[in-house]
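Whatever order the structure lists ligands and atoms in, that order sets their numbers, starting from 1.
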Amino acid sequence: IKIVTIFIIKILCNLFKRLTTGYQKGEAKELLIFYEKKVMRKEKNMALDTNVGNILTQQINKEFYSAYLYLTFADFYEEQGLKGFANWYVIQSQEELAHARILRRYLLDNDWTPTMEAIAKPDLTFSKVVEPIKAAYEHEQFITASINECYAVAQKANDFRTMQLLDWYVKEQGEEEANASDLLKAVELFGGDPKNLYDLDRENAARVFVAPTMPM
Ligand code: FEO
């Protein structure tokens, strides 16, 4: 349908060009240029299936939201005097930004310009040390489901290149869920004791950001 639409627009543009021959300036010429540019954009975007482009654009927003969300978790731990836990979530936030940037780069490299939509305000409030960690685990499960949805859309479009990119995200989500789950288990098991909590905090303070080896 897309190819036929572009073909028809091209024919109309050519027809219009013939009809407006002789015009050097004016509305007709501007209109013609506008439609020609539109056709060119459409042709460029055809490198990527529309549904794939749209869902990856939405995923960028989810990754940015994740980064934003984890910063609020870090803020909570700062308030509690647990700078190690705060560090853990600052690093996690950096990871999410990297996830968003990899998707952005991929779209741009495939002639699709993503739109940067508004990022929702995280509205979770916490009173116990374990609560953000539990929320993070649940959030990662949500993101895994979202990546799976992207994969399903790419698969439906026979977009093997995008599926290959998403293979990395599928693996990454496995690690993200495992990290979140390990932290949750440790806090549930040992976090009730101040000395153990202190040790866990020191352990989390050692986490550093390692940039993924994917193009960003
Ligand atoms: Fe980008 Fe934590 O998923």
Side-chain angles (χ1 to χ4, degrees), residues 48 52-78 82 84-110 112 114-124 126 129-155 159 161-188 200 203-216:
L48 208 62
V52 172
N54 285 337
I55 202 161
L56 293 187
T57 299
Q58 287 163 23
Q59 188 62 34
I60 289 177
N61 189 272
K62 287 176 187 170
E63 300 292 348
F64 276 128
Y65 173 77
S66 304
Y68 217 40
L69 180 72
Y70 290 140
L71 278 183
T72 68
F73 291 11
D75 295 345
F76 169 76
Y77 288 118
E78 284 277 345
L82 292 165
F85 282 87
N87 173 66
W88 207 93
Y89 283 106
V90 167
I91 303 297
Q92 191 56 38
S93 179
Q94 282 178 281
E95 295 241 342
E96 304 304 346
L97 290 178
H99 296 166
R101 286 182 57 197
I102 293 166
L103 287 171
R104 172 183 169 272
R105 173 49 48 208
Y106 177 78
L107 288 175
L108 290 173
D109 287 348
N110 284 277
W112 184 283
T115 47
M116 295 294 132
E117 300 293 344
I119 303 166
K121 182 183 175 186
D123 59 358
L124 297 176
F126 307 112
V129 170
V130 73
E131 287 172 352
I133 298 164
K134 202 158 182 280
Y137 182 47
E138 284 163 11
H139 182 70
E140 286 306 327
Q141 288 174 318
F142 162 74
I143 293 294
T144 298
S146 181
I147 292 290
N148 290 346
E149 216 180 304
C150 292
Y151 205 104
V153 170
Q155 197 165 31
D159 184 346
R161 194 189 303 163
T162 300
M163 283 158 70
Q164 199 172 43
L165 170 88
L166 291 171
D167 280 338
W168 183 85
Y169 280 85
V170 170
K171 187 167 168 280
E172 179 74 0
Q173 277 312 118
E175 288 171 19
E176 298 263 288
E177 276 193 45
N179 287 343
S181 167
D182 287 350
L183 190 58
L184 180 59
K185 280 178 198 155
V187 171
E188 280 177 341
L200 278 174
E203 220 173 273
N204 289 333
R207 188 182 188 197
V208 291
F209 175 62
V210 181
T213 52
M214 304 283 279
M216 283 198 269

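- Protein N/O/S atoms closer to atom 2 (Fe) of ligand 1 than 2.8 Å number 4 in this structure.
- A donor-acceptor contact under 3.5 angstrom links the side chains of Tyr151 and Asp167, judged on distance only.
- Side chain to side chain, Tyr106 and Thr162 meet the donor-acceptor criterion of an N or O pair below 3.5 Å.
- Summarising the geometry of Ile102 relative to Met214, their closest heavy-atom pair is CD1-CB, 3.6 Å, with the distance given to 0.1 Å.
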Practice task
In sequence, state the C-alpha distance, the side-chain angles, and the governing distance for Val90 and Arg207, and then conclude on side chain to side chain contact (heavy atoms under 4.5 Å, CB included).
Solution key: CA-CA 10 Å; Val90 167; Arg207 188 182 188 197; over 6 Å; no

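- Taking Asp109 as the reference, Arg105 meet the side chain to side chain contact (heavy atoms under 4.5 Å, CB included) condition, with sequence neighbours excluded.
- There is no side-chain donor-acceptor pair under 3.5 Å between Gln59 and Glu149.
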